Amino acid sequence: MSGFLAGLCVSVLPVLALGVWLGRRTARAKSLAGLGTPVEHATFETLHTASLAAPPLRAGLTEETARKSARKLRSLLGTDALCLTDHGQVLVWDGDGAHHRTEIMERLAGPLETGRGEAFRLTCDSLDCSVRWAVVAPLTVDDRVHGALVACAPRESAVLVRAAGEVARWVSVQLELADLDQSRTRLIEAEIKALRAQISPHFIFNSLAVIASFVRTDPERARELLLEFADFTRYSFRRHGDFTTLAEELHAIDHYLALVRARFGDRLSVTLQIAPEVLPVTLPFLCLQPLVENAVKHGLEGKAVSPGKCHIQITAQDAGAEALVVIEDDGAGMDPGLLRRILAREVSPSGGIGLSNVDDRLRQVYGDDYGLVIETAAGAGMKITVRLPKYQPGVHPAGRLPRE
């Protein structure tokens, strides 16, 4: 009986082993069923790992961004160790053999100067050290070497050399995108500075002159206008934030119009129709005020030869996923050909304060589909339509674009 049981056990064990193996294979097949074949699964894992490494690198090459991305990059290459460097130091070391930092930096002088990859043997007296070879792949942006990706392995490998070069090129693309983001930030900041500089010196002079004219005749009125002027300039020259809300921009416009009305009296009338639900919508800072100033200039000051009355209408409506803002005047208007040349920056924008500036910034933030829509003709007034998405990634009042 005991012999029979022993024989039965011997005969059943292979079957059980086969069952366990089949069970594991079946379970693995089911786990990959939603991802397709093992090759497709490996592709997915690689893309997923790369996507996790990309966001930190989009902020540039620093110790912090290198630390956040190094482990993911090492996972892509499957190496024992990986480090990222700039020209002067190892920014991060992930994996074994961190004691090779100094040696690697000494060997990087050539690759960092020439921008060419290199592989070399590491010298090490430690028997427990698993890294014996290093593969250097420079990180370049616009033909400028920013640093290097160094992959360390137990032995020399042509496959690793090629793989490290490909990963380094991918990292370089992320750094180039970071450089473009920073250039975009500098450009937007320069545009805002230029727009501030375009705030008409005549408007400032005339506002102060109007305030001065009330000092003796109506001190209380002078005080009110001085506060309006202070609030308007404080908003226009604030130093924080690239975005604001429609409510804040309209509030600044109200200060501006109070000063203009003090100068022109009943020659200027303004109608506002604002849907309350669009007041929280975010838009680029100093985006609408220049358009209202343009309406005043062409609607009222453009009639200086034969003075008359001008009406400006400002509407803001809810349009589903967007807010629709329209600024319209019944003033002198503009030749459409001249307008096109101003928006293309082919001529000085003296004929249209800030139009090209605002148009450029809207396109930079939201895309080319969101530039200004302007309807005008000589003597027919001007109608400017601005479409503002209610949601755009990275666009919120408290947010700031990445800075160096």
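Since we're looking at a predicted model, the values are computed, not measured.
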Taking the side chain from [X] and the backbone from [Y], do they hold a donor-acceptor pair closer than 3.5 Å?
{"X": "Glu249", "Y": "Cys287", "value": "yes"}
{"X": "Ser69", "Y": "Pro56", "value": "no"}
{"X": "Thr271", "Y": "Gln313", "value": "no"}
{"X": "Arg361", "Y": "Phe285", "value": "yes"}
{"X": "Thr245", "Y": "Thr282", "value": "no"}
{"X": "Thr315", "Y": "Gln273", "value": "no"}
{"X": "Asp359", "Y": "Leu372", "value": "yes"}
{"X": "Gln174", "Y": "Leu57", "value": "no"}
{"X": "Ser75", "Y": "Arg71", "value": "no"}
{"X": "Arg132", "Y": "Cys124", "value": "yes"}

task: List the steps and the verdict of salt bridge (charged side-chain N to carboxylate O under 4.0 Å, His left out) for Arg162 and Glu166.
output: CA-CA 6 Å; Arg162 189 170 181 178; Glu166 293 299 326; 5.3 Å; no
Salt bridge present between Arg387 and Asp369 (N-O < 4.0 angstrom):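 Here Arg387 does not pair with Asp369 in a salt bridge, since their nearest N and O are not under 4.0 Å apart.
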message: Less than 4.0 angstrom from a charged side-chain N to a carboxylate O is my criterion; do Lys297 and Glu293 meet it?
response: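 Salt bridge: no.
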Grab the two heavy atoms, one from [X] and one from [Y], that are nearest each other, plus how far apart they are.
{"X": "Arg74", "Y": "Asp94", "result": "NE-OD2, 2.5 Å"}
{"X": "Val278", "Y": "Ala316", "result": "CG2-CB, 3.9 Å"}
{"X": "Cys152", "Y": "Val131", "result": "CB-CG1, 3.7 Å"}
{"X": "Asp318", "Y": "Gly320", "result": "OD1-N, 3.1 Å"}

message: I'd like to check the salt bridge (charged side-chain N to carboxylate O under 4.0 Å, His left out) partners of Arg261; sequence neighbours left out, ordered by chain and number.
response: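 Salt bridge (charged side-chain N to carboxylate O under 4.0 Å, His left out) list for Arg261, sorted by chain: empty.
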Quick check for you: to the nearest 0.5 Å, what is the distance between [X] atom [atom1] and [Y] atom [atom2]?
{"X": "Gln317", "Y": "Glu277", "atom1": "CD", "atom2": "CD", "result": "10.0 Å"}
{"X": "Met382", "Y": "Asp330", "atom1": "CE", "atom2": "CG", "result": "12.5 Å"}
{"X": "Leu286", "Y": "Phe243", "atom1": "CG", "atom2": "CZ", "result": "13.0 Å"}

